[in-house]
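The structure presented is a predicted model; accordingly, all values stated were derived computationally and were not measured.
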Protein chains: 2
Amino acid sequence: MKKSFPAASEGARRRATLSDVAQMAGVSNATVSRVLAGNYPVSVTTKNRVMRAVRQLDYVVNAQARALQAGASRTIAFVLHDITGPSFAEAAAGVEEEAARYGRLCVVCTTNGSRERQSKVIDLMRAQGAEAVILIGGTDNDEESHGRLVAYARSLAAAGSRLVLCGCPPPREPLPVTVIDYDNEAGAYAATAHLLSQGHRRILFVGKGEGYTTSEARFAGYLRALTSFGIEPDPELQVVVDFSRAASVRAMREVLARQVAFTAVFAASDMTAAGCMQVLREQGRKVPEDVSVVGYDDIPMTIDMTPRLTTVHVPYRELGRAAVRHVMELDPAARQDIDHVVLGTHLMVRESVAPPAVEPA
Amino acid sequence: MKKSFPAASEGARRRATLSDVAQMAGVSNATVSRVLAGNYPVSVTTKNRVMRAVRQLDYVVNAQARALQAGASRTIAFVLHDITGPSFAEAAAGVEEEAARYGRLCVVCTTNGSRERQSKVIDLMRAQGAEAVILIGGTDNDEESHGRLVAYARSLAAAGSRLVLCGCPPPREPLPVTVIDYDNEAGAYAATAHLLSQGHRRILFVGKGEGYTTSEARFAGYLRALTSFGIEPDPELQVVVDFSRAASVRAMREVLARQVAFTAVFAASDMTAAGCMQVLREQGRKVPEDVSVVGYDDIPMTIDMTPRLTTVHVPYRELGRAAVRHVMELDPAARQDIDHVVLGTHLMVRESVAPPAVEPA
DNA sequence: ATGAAAGCGCTAACAT
DNA sequence: ATGTTAGCGCTTTCAT
């Protein structure tokens, strides 16, 4: 005997309000509010009556009404290109985790790298009254992007919110912004130096994305390591591609076809490394016997690659956490300056690097 | 000369309201509202004056106020265990993508599998007035879990919202719920049948999570395939573990230590498969020459595994999209019944399966 | 074409 | 300890 349930058969019933509770409990609105907030003395008997009504009506506050009255919405916005990227997902987890700890809601928006969509999202978040808007990922390193960032920071600040930049360098001018960065350059230096100290001299850099901050910093670290080992950088060894897997596959095929000589690859991201390794395997070049490979990001799948990928660990989860924590703990009075944090990176040595093979005579 | 910017130096200034705009433009609130909504005739000159004020004040609506007035909040909630799992991330992307298409905001909450946290999150979402609450992932298959789901569905429905279950079987009783499922059992059947048709007879099933819907359905498919090939299931070949990588590594080591004989592994998830392959490799067993392996989920990293993993493709992104679409397009009047959709799964044949090696004489 | 005013659900000051 | 009331920012009748 299936008994149909009243709620559904009545369709979308009006949700219970605080007044409903008050009426049922025979008290005033204020009393109900006080019972729920628990920040004010209320007699035990009334409290019980109110709580019974709350349960009976299955009442929950209207967050909109509360936010309107409070003038703040207890939400954190997280804006990224694509939640599917493992490193972004990791950062998102950090943000969500920490937001939950502070009792904040976490709104996620993706932009697919579209500037237009980014602007729209920022406005949406201002409309929401988000306490912070966390932008993750490197940015384009041109005047126009910088200008947009400045505008975002200011309009957000003017509304009592705060822009947080994750994983990109701080703007050059004073701006009400929090920057949680990690040491991209040092990680790249360490990775390259590792290769050099194994004896590699011709190291292919794959992922020289021009005008993109993350990419530029990694490339800079590569260059610095080369220089400090007294090696002249060779433009032929610098492959310009974005961080996508597909792009690196294409690029790597092209490099191999051109017969460029190299004994090691420093891929600017693990995805890039995955693409390179696929092509190397296709062409019968063994990693690390024939070619050593180092990646960047230390995404979880690196340990399932064969050989396990040596890569630069980036603390993405902590990046997300720190972003939230900094905003939550920042004294709103002291908010005008740039608030800049740099997290460390370090090399994870695994199995994709070996000394270069001796030249066949 | 660094000019300091006014907004920041004044600290968190009050954000501009519609009244501010009205005042600056010298019109009434109603007029501003109408200009912004664009759903009402307004003279061109007034419109221009209003728009100028909007730009000058950098005004954006207060979403809370609007939602309060409208009685609806244009947000979709997405609740999952852990955003870091590649398949969940994929589904999340689908939800976000489709939500954006409908102009909805997407709130993400993780529960880490805690029931307590799940309840809290549901209430939070009721408070937010989310139009839909999408729960993704299998559920425990016990009375208590079922009871919770019933309660969620009803209280959400009572508030004009809707519960959407993604990737789990529909509840046994009529309930105001939308279920977007995929054919777990058929996928498992196909995977197992593939192995069987290659000649494998002793197939290890890793990931028999007891009382967990996803796991049970996959196991059922395995069993059915065995039966239809006239093979007696062997309990020794059924390994009980959750879907985590770490658990499968432990389990696989234990199985190998026990010297259980098998020529193929059907892992109930790709993560499980990754763990199994790691252990197999550690112990010098080649895939697929010595042991064939099939996974489940088809997460992106499967193509970077060596050998590339043969696995069952699950349309996670479409799952997320369908969840949103169904709620958005459902006539609220027709909302009482269970709304059930089943998406298909199919086998992705790659390189981790080969016929079993001939017994060494 | 525009304005005045009520009210969405809640909290907090101000009574009592 | 409890009630009354104003108002958060917006949309939307109802007037004009």
Side-chain angles (χ1 to χ4, degrees), chain A residues 12-51 53-54 57-74 123-124 126-130 159-161, chain B residues 12-51 53-54 57-74 123-124 126-130 159-161:
Chain A
R13 212 178 42 181
R14 190 179 65 84
R15 72 195 253 214
T17 71
L18 183 138
S19 298
D20 296 336
V21 175
Q23 201 175 345
M24 176 176 254
V27 297
S28 74
N29 282 11
T31 301
V32 176
S33 178
R34 292 200 265 254
V35 169
L36 262 25
N39 55 2
Y40 213 82
V42 180
S43 90
V44 184
T45 51
T46 8
K47 185 184 289 187
N48 287 341
R49 255 185 311 143
V50 169
M51 289 314 289
V54 165
L57 294 170
D58 200 9
Y59 169 80
V60 284
V61 282
N62 180 318
Q64 271 78 38
R66 177 179 278 177
L68 178 57
Q69 140 73 31
S73 81
R74 299 178 74 81
D123 278 348
L124 252 175
R126 284 209 293 151
Q128 288 300 318
S161 178
Chain B
R13 213 178 40 182
R14 191 179 66 82
R15 72 195 253 211
T17 71
L18 183 138
S19 298
D20 296 336
V21 175
Q23 202 175 343
M24 176 175 256
V27 297
S28 73
N29 284 8
T31 302
V32 176
S33 178
R34 292 199 265 252
V35 169
L36 262 26
N39 55 4
Y40 211 83
V42 179
S43 89
V44 185
T45 52
T46 1
K47 185 185 287 187
N48 287 341
R49 254 184 314 140
V50 169
M51 289 314 287
V54 165
L57 294 170
D58 199 12
Y59 169 79
V60 284
V61 282
N62 180 319
Q64 272 77 38
R66 177 179 280 177
L68 178 57
Q69 142 75 32
S73 81
R74 299 178 74 80
D123 278 349
L124 252 176
R126 284 209 293 150
Q128 287 300 318
S161 178

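Taking 4.0 angstrom as the limit, A/Ser28 places a side-chain polar atom (N or O) nearer than this to OP1 or OP2 of D/dG3. Residue B/Thr31 places at least one side-chain N or O under 4.0 Å from the OP1 or OP2 atom of C/dG3. Regarding contacts with the backbone of D/dT11, a side-chain N or O of B/Ser33 is found under 4.0 angstrom from either OP1 or OP2. Taking side-chain N and O atoms only, B/Thr46 has no distance below 4.0 Å to OP1 or OP2 of C/dA1. Not one side-chain nitrogen or oxygen of A/Arg34 sits closer than 4.0 Å to the OP1 or OP2 atom of D/dA1. Of the side-chain N and O atoms in A/Tyr59, one or more sit less than 4.0 angstrom from OP1 or OP2 of C/dC10.
Across C/dT11, C/dG3, C/dG9, the shortest atom-to-atom separation from the side chain of B/Ala30 is found for C/dG3. Checked against D/dT2, C/dA4, C/dT11, the side chain of A/Leu18 finds its nearest nucleotide in C/dT11. Picking from D/dC10, C/dC10, C/dA12 the nucleotide with the shortest atom distance to the side chain of A/Asn39 gives C/dA12. Closest to the side chain of B/Thr17, from the set C/dG9, D/dT11, D/dG9, is D/dG9. Considering only side-chain atoms of A/Gln69, the nucleotide from D/dT11, D/dG7, D/dA1 that sits closest is D/dG7. Among the nucleotides D/dG9, D/dT12, C/dA12, the one closest to any side-chain atom of B/Ala65 is D/dG9.
Summarising the geometry, the separation between CG on A/Leu36 and P on C/dC10 is reported as 9 Å, rounded to the nearest angstrom. Look at CG on A/Asp20: it is 10 Å from C1' on C/dG9, rounded to the nearest Å. Taking atom CG of B/Asn29 as the reference point, atom C1' of C/dA6 lies 13 Å away to the nearest angstrom. Atom-to-atom, OH of B/Tyr40 to C1' of D/dC14 comes out at 10 Å; the value is rounded to the nearest Å. Distance CG (A/Leu68) to P (C/dC10): 12 Å, rounded to an integer number of Å. Atoms CG (A/Asn62) and P (C/dG7) sit 18 Å apart, rounded to a whole Å. Rounded to whole angstrom, the span from the CD atom of B/Gln128 across to the C1' atom of C/dC8 amounts to 16 Å. Taking atom CD of residue B/Gln23 and atom C1' of nucleotide C/dT2, one finds them 17 Å apart after rounding to whole Å.
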Start with the C-alpha distance between B/Val35 and B/Val32, add both sets of side-chain angles, then the distance that settles side-chain contact (heavy atoms from CB on, under 4.5 Å), and finish with yes or no. CA-CA 5 Å; B/Val35 169; B/Val32 176; 5.7 Å; no
Please lay out, stage by stage, how B/Val50 and B/Val42 fare under the test side-chain contact (heavy atoms from CB on, under 4.5 Å). CA-CA 10 Å; B/Val50 169; B/Val42 179; over 6 Å; no
Go through it in stages, so that I can follow the logic: the residues are B/Asn62 and A/Leu68, the test is side-chain contact (heavy atoms from CB on, under 4.5 Å), and I'd like the CA-CA distance, side-chain angles, deciding distance and then a yes or no. CA-CA 8 Å; B/Asn62 180 319; A/Leu68 178 57; 4.2 Å; yes
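Heavy-atom nearest nucleotides on DNA chain D were determined for B/Val32 and for A/Arg49, and the one closer to the 5' end corresponds to A/Arg49.
Note that the CG atom of B/Asp58 and the CG atom of A/Asp123 stand 7.0 Å from one another [nearest 0.5 Å].
Note on A/Ser43: only backbone sugar-phosphate atoms sit closer than 4.0 angstrom, heavy atoms only; bases stay farther off.
B/Leu36 has its side chain within reach of B/Val54: a pair of non-hydrogen atoms, C-beta onward, lies under 4.5 Å apart.
In plain terms, the two heavy atoms of A/Ser73 and A/Ala67 that are nearest each other are CA-CB, 4.1 Å.
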